[in-house]
Q: 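Just passing along the structure, written as structure tokens.
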Amino acid sequence: MSIAKTYTPADVEAKWYQRWQEQGFFKAKANPRKKPYTVVIPPPNVTGVLHMGHMLNNTIQDVLVRRARMQGKEACWVPGTDHASIATEAKVVALLKEQGIEKKDLTREQFLEHAFAWKEKYGGIILEQLKQLGASCDWDRTRFTMEPELTEAVLRVFVDLHQKGLVYRGIRMVNWDPLGQTALSDEEVIPKDVMAKMYHLKYEVVSSEYVDSAQEQGEKSQYSIPNTQYLTVATSRPETIMADVAVAVNPNDPRYTHLHGAKVRIPLLNREIPVILDEYVSIDFGTGALKVTPAHDLNDYELGVKHNLPVIDILNNDGSLNEKAVLYVGQDRFAARRNIVKDLEEAGHLVKVEEYASIVQTSERTKAVIEPRLSLQWFLKMEHLAKPALEVVENDTVKLHPAKFKNTYRVWMENVRDWCISRQLWWGQQIPAYYLPDGTYVVALTAEEALIQAREQSGNADLQLTDLRQDEDVLDTWFSSWLWPISVFDGFKDPDNADVNYFYPTNDLVTGPDILFFWVARMIMAGLEYRKEVPFRNVYLTGIVRDAQGRKMSKQLGNSPDPLDLIKQFGADGVRTGMLFSAPAGNDLLYDEKLVEQGRNFSNKLWNAFRLIKGWEVDAALPFPNEKAVEWFSAKLNATIAELDEHFEKFRMSDALMTVYKLVWDDFCSEYLEMIKPAYQAPIDPETLRLTTVFLETLLKLLHPFMPFITEEIWHELKERGPKEYVCVAAWPKVQPVANSAEVLARMERALGIVGGVRTIRNQKGLGPNKPLTLAAKTDDAQLLTDYDGIIRKLAALTDVSVVTEAPAASVGFVAGSSEFFVPLEGQIDLGAEKERLSKELEYAQGFRDSVLKKLANEKFVANAKPDLVERERQKLADAEAKITALEQSLAAL
RNA sequence: GGGAGAUUAGCUCAGCUGGUUCAGAGCAUCUGCCUUACAAGCAGAGGGUCACUGGUUCGAACCCAGUAUCUCCCACCA
């Protein structure tokens, strides 16, 4: 038979994925005899494509799910997509524009038709891509946040929250995205550091009550005496002066006491506005005078309310100036700014321009600069929902991994503000509020129900459906995704159905910290509000995938590899393990192709271990010579399984992978297989083959969650399997205690230490790996040499191992444990070098002994330290002294 | 401006309640090897004042205080 020397993933991956699906391994059904294990996918944007972040995130989920499945749980991973209202609508608008169609020329229905067509065409590509990664989702459960059932869930919740008095409508200063032309929630706004310009503008003072009080106290003032004819204000937004309704100064500012009660004239416009006094104004920032523009700044709005000022809104939805501005009407805000600066300068109103570091708020989705804007929006009160949601994280009912995110979570929850849930878009769930002709409104699940309510509310029994007008706005996307863990099991339509009762609460959620508030926190709120139970127990927060230089991956930089290309090149298993090698929870992953290369190499290593075993011929007559090797590997394997389980419990995925990686590569391949490997083309005894096959099968099981494809391939190539016998559903190995495990491991470690010593000498002396050598040991543990004789001779390529009392002449030595070993080497001995080596060794041992002595001589140590610790120190001292004696003798013998 | 976390080998990170294994792992580097499972490999080696300064303790990478640097989160100074 011949097996390919290198593993070629492309040949087998699609095959196994299909088989698993045919077998229905990924399907989950409520099964009272099994424990449920549930994960809901963070639904990717329906029109999105797979990027590296998805790869990391979904690999982690798949590892968790596959392991749970093998542990005999009813593993249920629910896939699906998100309608992503702003992002998708923006994409559709852009696409239509390319076709020469403007959104404003379409009706809502026509637009939605286009949007759904787009969704049908491109939607769900990402889910197909996930299959190539090996994601073991229950595809029959695939959901979409805007499908009819989930939309109904959203509407039900809206109606319910409205009935509870938690949803309200109000005029508030909201974050307006002039590009998306919609309001955004506070969480969708990203502050960006910029260098901005501060314009100092002169406003002419026009007051009859002018009193020059500043002049009198001028000498005492730390501030320069202002121009009495003008008041200078500092602003970063000169184009909004047309919306000014006042100029505010601090009442305690001595520079401006003469202006108390005065009026000033807006430049260019010449409209008069009052000077108001408010301690909100900082004396030492800017000029100490603040222009008040209630329509376009939150603080100004609050000042306006406090001082009873009018509101002048000079902006259109798209960020251009409207006729209320009088000047620059129709120009975009930034164009208007450029123009007005020029005009102000010409008119002599521009005193100076300063550069200063500032922050602009931008839209997370469209990147547009946010315009604070007063508008009528729907809000959800958060206080009632946030309180219990904070509590369950504080008391670890929901555990965040890593736990440091608890702090972030707490701060946000304690300061949470009401959630603006309306969006001025079409792609999404239209708000089920219906306006009556009299301007009042009702909220109901359907138009028909709304009509009944409306008739009652208005006392007008003749109202018709056509008299009602439904709110134009849709709900924030997150208003559907916060219900996801419940809605995917139809928990709103049918709150007592078998699925939701069985699979909810889910177990683990894997997502990025960037949506901790958007999504995670709100799911916890919804879960507690609607099921009285948290939606999940553990939240694993991944990092961001960056490039090797730590930059975020982006299309512009071109530093983001195509995940599907990577899978083609390195295999899904290689990519999965590559991503996981260096991805502790919460840490950013610096992606480097070397990582997936390492993953690919690991696949190949495993493949070749299989090739070796598969290639052996059996001779039934041979005795079993590998008791020590088998005993040791059993112990090692079981110790490692325990370690692995612990890593999983703590969600240390990288550590878990590294643990199996080393078990396979170092312990199994480098040590165990080398110990039992028959000579070239020699047959193997049946018992060793049987046991080794079992070992390999166990390793395949441990590896399967990480590397599903290659493990399944080898599983089936290794021997004939029953029709349902897949590693995918094999039982996860349990720790089986091995007698004297610690001692077995320790003794083999010492034996391997001897092997290492001989190999080091081979390397140092340039002897090559196979030159026959002998070994002489000065040791008080001759039994070790007897027990491990075969292993030591084989791995170190020795023809003979003997016990001696004196160092043989002309030999090179090394120390392992407290014993000394010698390799006789005719004519290759450098006496000087040997002396130097021994002296160094001796010096180190003496230093070590002295430090232990010092410790033991310290009365306080002996008195305060734990007794067994002191005992150990005494043992260390004895060992060190024995070693020193041996070294001194050897040195004297030279 | 407020808060949280971090700083350990060239890189990415472990290091649990201070005390065997306390200075580790993987990758990278260097030196030998095409030794018939694997050169996508084998064998071996060299890398660190545990950010800095003090303190507590018999004993500190670990506890405390301060300093520096970095990251993240929150925040309305025009």
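Bear in mind that the values here come from a model prediction, so they are computed numbers and not experimental data. Naming: A, B, ... by sequence-line order, numbering from 1 per chain. FYI, side chains are in, hydrogens and waters are out, and symmetry mates aren't considered; it's all heavy atoms of this structure.
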Q: Does any donor atom in the side chain of A:Asn175 or A:Glu188 lie under 3.5 Å from an acceptor atom in the other side chain?
A: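 Absent: no donor and acceptor within the cut-off.
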Q: Side chains of A:Glu643 and A:Thr640: any donor to acceptor distance under 3.5 Å?
A: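 The criterion, which ignores hydrogens and geometry beyond distance, is not satisfied for A:Glu643 and A:Thr640.
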Q: How far, in whole Å, is B:rU31 from B:rU67 if one measures between their C1' atoms?
A: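 To the nearest whole Å, 44 Å.
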Q: When both hydrogen-bonding distances must be under 3.5 Å and the geometry is Watson-Crick or G-U wobble, what is B:rA78 paired with, if anything?
A: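 Matched B:rA78 with nothing under the 3.5 Å cut-off.
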Q: For a quick test of reading the model: is some side-chain N or O of A:Arg652 closer than 4.0 Å to OP1 or OP2 of B:rG15?
A: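 Answer is yes, contact under 4.0 Å.
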Q: Can you tell me the Watson-Crick or wobble partner of B:rA65, both distances under 3.5 angstrom?
A: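 Base partner found: B:rU53.
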Q: Could you tell me how far B:rA43 sits from B:rC52 if I compare only their P atoms? Round to whole Å.
A: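 Result for the P pair: 36 Å, nearest Å.
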Q: For nucleotides B:rG46 and B:rA39, find the distance between their P atoms and express it as a whole number of Å.
A: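 The same atom, P, in both gives a distance of 27 Å.
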Q: Between B:rU12, B:rG26, B:rA37, which nucleotide gets closest to the side-chain atoms of A:Leu590?
A: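 Selected nucleotide (nearest to the side chain): B:rU12.
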Q: Is the glycosidic angle of B:rC22 within 90° of 0, making it syn, or outside that range, making it anti?
A: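 B:rC22: syn glycosidic orientation.
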Q: Using the C1' atoms only, state how far B:rA25 lies from B:rG47, rounded to an integer number of Å.
A: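 Comparing C1' positions in B:rG47 and B:rA25 gives a spacing of 14 Å.
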Q: Starting at atom CD1 of A:Ile276, determine the distance to atom C1' of B:rA78, rounded to an integer number of angstrom.
A: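 After rounding, the gap between these two atoms is 13 Å.
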Q: Output the single nucleotide from B:rA78, B:rA37, B:rA75 whose closest atom is nearest the side chain of A:Ile359.
A: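 Closest nucleotide among those given: B:rA75.
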Q: For the CD atom of A:Glu671 and the CD1 atom of A:Ile791, what is their distance to the nearest 0.5 Å?
A: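 The distance works out to 10.0 Å.
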Q: Could you check which nucleotide pairs with B:rU71 in any of the strands shown, counting Watson-Crick or G-U wobble with both distances under 3.5 Å?
A: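 Partner of B:rU71: B:rA4.
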Q: Scan A:Arg417 against the nucleic acid and name what it touches under 4.0 Å (heavy atoms): base, sugar-phosphate only, or nothing.
A: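 Sugar-phosphate, backbone atoms only, no base.
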Q: Think A:Asn415 has a side-chain N or O under 4.0 angstrom from the OP1 or OP2 of B:rA75?
A: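 So the side chain of A:Asn415 is outside the cut-off, no N or O lying under 4.0 Å from OP1 or OP2 of B:rA75.
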Q: Kindly determine whether A:Lys406 and A:Thr408 satisfy side-chain hydrogen bond (donor to acceptor under 3.5 Å, both in side chains), including the steps that lead there.
A: CA-CA 5 Å; A:Lys406 255 171 107 166; A:Thr408 315; over 6 Å; no
Q: Counting the atoms with a prime plus P, OP1 and OP2 as sugar-phosphate, which does A:Arg600 contact under 4.0 Å by heavy atoms, base, sugar-phosphate, or nothing?
A: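 Answer is base: heavy atoms of A:Arg600 come under 4.0 Å of a base.
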Q: Going by distance alone, is a donor N or O of one side chain under 3.5 Å from an acceptor N or O of the other, for A:Thr692 and A:Tyr672?
A: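 There is such a pair (donor and acceptor under 3.5 Å, judged by atom type) between the side chains of A:Thr692 and A:Tyr672.
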Q: Tell me whether the OP1 or OP2 atom of B:rA37 has a side-chain N or O from A:Lys677 closer than 4.0 Å.
A: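 Yes, within the criterion.
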Q: Over all strands shown, is A:Trp665 touching base, sugar-phosphate only, or nothing at heavy-atom distances under 4.0 angstrom?
A: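 Touches sugar-phosphate only.
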Q: May I ask you to evaluate whether A:Lys765 reaches the phosphate of B:rG32, defined as a side-chain N or O under 4.0 Å from OP1 or OP2?
A: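 No, A:Lys765 has no side-chain N/O under 4.0 Å of OP1/OP2 on B:rG32.
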Q: Look at all strands and tell whether A:Leu516 reaches a base, only sugar-phosphate, or nothing, counting heavy atoms closer than 4.0 Å.
A: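 Answer is nothing: A:Leu516 stays at 4.0 Å or more from every strand.
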Q: In whole angstrom, give me the gap between the P atoms of B:rA68 and B:rG32.
A: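 My reading of the P atoms in B:rA68 and B:rG32 gives 49 Å.
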Q: Between B:rA6 and B:rU12, how far apart are the C1' atoms? Round to whole Å, please.
A: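 Straight-line distance between the two C1' atoms is 14 Å.
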Q: Suppose you measure atom C1' in B:rG48 against the same atom in B:rG24; what distance do you get, rounded to whole Å?
A: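 Those two atoms are separated by 11 Å.
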Q: Contact class for A:Asn407 vs. all strands (heavy atom < 4.0 Å): base, sugar-phosphate, or nothing?
A: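 Sugar-phosphate, backbone atoms only, no base.
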Q: Is the base of B:rG47 syn or anti, if syn means a glycosidic angle within 90° of 0?
A: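 Nucleotide B:rG47 adopts syn.
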Q: From A:Phe695 CZ over to A:Thr688 OG1, what is the distance, rounded to the nearest 0.5 angstrom?
A: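 The distance works out to 10.0 Å.
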Q: Out of B:rU12, B:rC77, B:rC27, which nucleotide sits closest to the side chain of A:Phe285?
A: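 It is B:rC77.
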Q: Taking the nucleotide of RNA chain B with the closest heavy atom to each, which residue, A:Thr408 or A:Tyr661, is nearer the 5' end?
A: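 It is A:Tyr661 whose nearest nucleotide is closer to the 5' end.
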Q: Is there a donor-acceptor pair under 3.5 Å between the side chain of A:Arg522 and the backbone N or O of A:Phe518?
A: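 It does hold such a pair.
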Q: With heavy atoms under 4.0 Å as the rule, sort A:Asp592 into base, sugar-phosphate or nothing.
A: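 Here A:Asp592 touches no strand at all.
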Q: Looking at B:rA37, B:rA43, B:rC73, which one has an atom nearest to any side-chain atom of A:Phe517?
A: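 The listed nucleotide nearest to A:Phe517's side chain is B:rC73.
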Q: Which residue lies toward the 5' end of RNA chain B, A:Lys404 or A:Glu597, if each is placed at its nearest nucleotide?
A: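 On the 5' side of the pair lies A:Lys404.
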Q: Answer yes or no: is there an ion pair linking A:Glu355 with A:Lys197, defined by an N-O contact shorter than 4.0 Å?
A: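 So A:Glu355 pairs with A:Lys197 through a salt bridge.
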Q: Need one value for A:Leu290: base, sugar-phosphate or nothing, where a base atom within 4.0 Å counts as base even if backbone is also close, heavy atoms only.
A: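 Here A:Leu290 touches the bases of the nucleic acid.
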Q: Counting just side-chain N and O atoms, does A:Ser670 come under 4.0 Å of either OP1 or OP2 of B:rA43?
A: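 So the side chain of A:Ser670 is within the cut-off, an N or O lying under 4.0 Å from OP1 or OP2 of B:rA43.
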Q: Which part of the nucleic acid, if any, lies within reach of A:Glu674 when heavy atoms closer than 4.0 Å are counted: base, sugar-phosphate only, or nothing?
A: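 Base contact.
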Q: Out of B:rA78, B:rG44, B:rG26, which nucleotide sits closest to the side chain of A:Lys662?
A: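 Nucleotide nearest to A:Lys662's side chain: B:rG26.
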Q: Does A:Lys605 reach a base, just sugar-phosphate, or nothing at all? Heavy atoms under 4.0 Å.
A: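 Base contact.
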Q: When we call it a touch if two heavy atoms are under 4.0 Å apart, what does A:Lys291 touch: a base, just sugar-phosphate, or nothing?
A: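 Counting heavy atoms under 4.0 Å across all strands, no contact is made by A:Lys291.
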Q: Quick check for you: among B:rG26, B:rA78, B:rG44, whose closest atom lies nearest to any side-chain atom of A:Ser358?
A: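 Comparing B:rG26, B:rA78, B:rG44 against the side chain of A:Ser358, the answer is B:rA78.
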Q: For a quick check of understanding: with a heavy-atom distance under 4.0 Å over all strands, which category does A:Thr287 fall into, base, sugar-phosphate or nothing?
A: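 It contacts nothing in the nucleic acid.
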Q: Check the distance between B:rC77's C1' and A:Arg237's CZ and give it to me in whole angstrom.
A: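 Rounding to the nearest Å, CZ of A:Arg237 and C1' of B:rC77 are 15 Å apart.
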Q: Categorize A:Ser282 for me: base, sugar-phosphate, or nothing, with a 4.0 angstrom heavy-atom threshold over every strand shown.
A: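 Base contact.
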Q: Mind checking A:Ser654 for me? I need base, sugar-phosphate or nothing, with any heavy atom below 4.0 Å counting as a touch.
A: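 Since no nucleic acid heavy atom lies under 4.0 Å of A:Ser654, the category is nothing.
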Q: Rounding to an integer number of angstrom, what distance separates B:rU17 and B:rC72 when you compare their C1' atoms?
A: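 Here B:rU17 and B:rC72 have their C1' atoms 29 Å from each other.
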Q: Base, sugar-phosphate alone, or nothing: which one does A:Phe581 contact when heavy atoms must sit under 4.0 Å apart?
A: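 It contacts nothing in the nucleic acid.
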